[in-house]
Amino acid sequence: MKHTLISSPLQGFTDFRFRNAFQQFFDGMDIFYAPYIRFNGKMEIKSVYQKDLQLKNNNTLTVIPQVMTCNADEFIFAANYVLSLGYKELNWNLGCPYPMVTNKGMGSGLIADPEKIDRILDRVHSETNIVVSMKMRMGYEHCGEILHAFPVLEKYPIKNVGIHTRIGKQLYKGGVDLEGFQKCIDSTNLKLYFNGDITTVARFEEMAARFPSIDHWMLGRGLIADPFLPSMIKNQTHEYPDNRMEIFSKYHDTLFSACEQKLTGEKAVIRKMLSYWEYFAATFPNAKREIKKLTKVKKFVDYDDAVRAVLECEVAAVN
Ligand SMILES: Cc1cc2nc3c(=O)[nH]c(=O)nc-3n(C[C@H](O)[C@H](O)[C@H](O)COP(=O)(O)O)c2cc1C
């Protein structure tokens, strides 16, 4: 079966700079969901989202914008904005688990309210030509919530439903609920995408064997931790290329330059890069001591030395 791989959005991580750096050095990712557009009381698209979605910043990538809202007017405003840029599809975030969001009836806090989902989708489909896709958890309180939302979604030409196989209350803790995902498959004819904890080729293979009807897979934290993962999945190999560290090093330096362009001051750039290293660390198991040192640096020169030490340590360990 041909598998399609999708970059699951991470606000603060997978902006256009990250997406372009990835695309310059790696293969295998078919589609990139952009992190959500969110409104702040005003009917305007913040400049940071505008920049992230402009076609000139994404010209080698297939990107799908995303919105997080529980308000039809905001949804329609975002839809018209992305249509004006040339996009055809807008993904609706019903997955965000944070109480600041869910307490306002947004993100995964909206899954248990099918009537409201219905009212919003009705207006969006009657007032715009946007193609709508969904990104959901299985519920906020329990995984049965999504099953009650399916009949509403089935009334509309929803392109697909990407499911992060947890409930909102879990945040990112605990395991994914694979039995719950099977129930989703058994309960709807909507096109479902799988999302959650795909961090290795072996894990992908396990999920692909368990859910043979699924051919779209969303990779979030696993993609940041290991940018080689999509091409290894596509090439059905568990082996990294021989020049893995050389490629990673160039990718890292490109990401670093991109952060330098975006942020002001050594501290801010290092802080941002260290947030990526929280994910990268999983694929440098032999350099724990060096990574600990890296997390303490304050200046670019020290950062650079510390990164080289991490890469050299990992190379020495695997050779
Ligand atoms: C820091 C962070 C930011 C996220 N931002 C978004 C977002 O903007 N939109 C979205 O749909 N999901 C967002 N997610 C959820 C991920 O896209 C993904 O669904 C989740 O991490 C589970 O997949 P994974 O195990 O492959 O990472 C975010 C997750 C994290 C950890």
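Atoms considered below: every heavy atom in the structure, side chains included; atoms not considered: hydrogens, waters and symmetry mates. For ligands, and for the atoms within them, numbers begin at 1 and follow the listed sequence.
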Problem set entry | Step-by-step ring pair (Phe, Tyr, Trp, His ring centres under 6.0 Å) determination, Y279 to F13 | CA-CA 11 Å; Y279 293 104; F13 291 90; 5.3 Å; yes

Exercise. How close does the nearest protein non-hydrogen atom get to atom 26 (O) of ligand 1, and which residue and atom is it?
Worked result: G220 N, 2.9 Å

Exercise. Nearest to atom 3 (C) of ligand 1, what protein heavy atom do you find, and at what distance?
Worked result: Q11 N, 3.4 Å

Problem set entry | Atom CG of N103: over 12 foreign heavy atoms under 6.0 Å | yes

Exercise. Which atoms of ligand 1 sit under 4.0 Å from any heavy atom of K135?
Worked result: 10 (C), 11 (O), 12 (N), 15 (C), 16 (C), 17 (O), 18 (C), 19 (O)

For this session: Give the intermediate values and the outcome of side chain to side chain donor-acceptor pair (under 3.5 Å) for residues T165 and D177.
Result: CA-CA 5 Å; T165 44; D177 179 357; over 6 Å; no

Exercise. If you draw the axis of the six-membered ring of Y172, does the NZ or CZ of R137 fall within 45° of it and under 6.0 Å from the ring centre?
Worked result: yes

Exercise. Hey, does Y279 come in under 3.5 Å of ligand 1, counting only N/O atoms on both sides?
Worked result: no

For this session: Looking only at distances, please establish whether an N/O atom of ligand 1 is found under 3.5 Å from an N/O atom of P9.
Result: yes

For this session: Please check if the side chain of R19 supplies one atom and the backbone of T14 the other of a donor-acceptor pair under 3.5 Å.
Result: yes

Exercise. Aromatic ring centroids of F211 and H3 under 6.0 Å?
Worked result: no

Exercise. Going through the distances and angles, do F248 and F284 end up as a ring pair (Phe, Tyr, Trp, His ring centres under 6.0 Å)?
Worked result: CA-CA 11 Å; F248 182 86; F284 292 88; 5.2 Å; yes

Exercise. For ligand 1, which atoms, with element, lie under 4.0 Å from some heavy atom of R221?
Worked result: 21 (O), 24 (P), 25 (O), 26 (O), 27 (O)

For this session: Start with the C-alpha distance between F256 and F300, add both sets of side-chain angles, then the distance that settles ring pair (Phe, Tyr, Trp, His ring centres under 6.0 Å), and finish with yes or no.
Result: CA-CA 10 Å; F256 184 93; F300 281 166; 5.2 Å; yes

Seminar exercise, completed: protein heavy-atom neighbour closest to atom 28 (C) of ligand 1 works out as Y172 OH, 3.4 Å

For this session: Ignoring angles and geometry beyond distance, decide whether N93 reaches within less than 3.5 Å of ligand 1 through its nitrogen or oxygen atoms.
Result: yes

For this session: Just go through T165, L223, N195 and tell me whose heavy atom is the nearest to atom 18 (C) of ligand 1.
Result: N195

Problem set entry | For atom 9 (N) of ligand 1, the protein heavy atom that lies nearest, with its residue and separation | Q66 OE1, 2.8 Å

Exercise. Quick check: does F13 get an N/O under 3.5 Å from an N/O on ligand 1?
Worked result: no

Problem set entry | Min heavy-atom dist G95 to ligand 1 below 4.0 Å | no

Problem set entry | Criterion salt bridge (Lys or Arg N to Asp or Glu O under 4.0 Å) on D52 and R17, from CA distance to verdict | CA-CA 8 Å; D52 193 42; R17 295 177 179 87; over 6 Å; no

Problem set entry | Proximal ligand 1 atoms for D197, defined as those under 4.0 Å from one of its heavy atoms | 24 (P), 25 (O), 26 (O)

For this session: Do me a favour and list the nearest non-hydrogen protein atom to atom 2 (C) of ligand 1 with residue, atom name and distance?
Result: L10 CG, 3.7 Å

For this session: Indicate whether any N or O donor in one side chain lies under 3.5 Å from an N or O acceptor in the other, for Y33 and N93.
Result: no

Seminar exercise, completed: If we number the atoms of ligand 1 from 1 as shown, the ones under 4.0 Å from a heavy atom of Y36 are 7 (C), 8 (O), 9 (N)

For this session: Would you please determine whether Y33 falls within less than 4.0 Å of ligand 1 on a heavy-atom basis?
Result: no

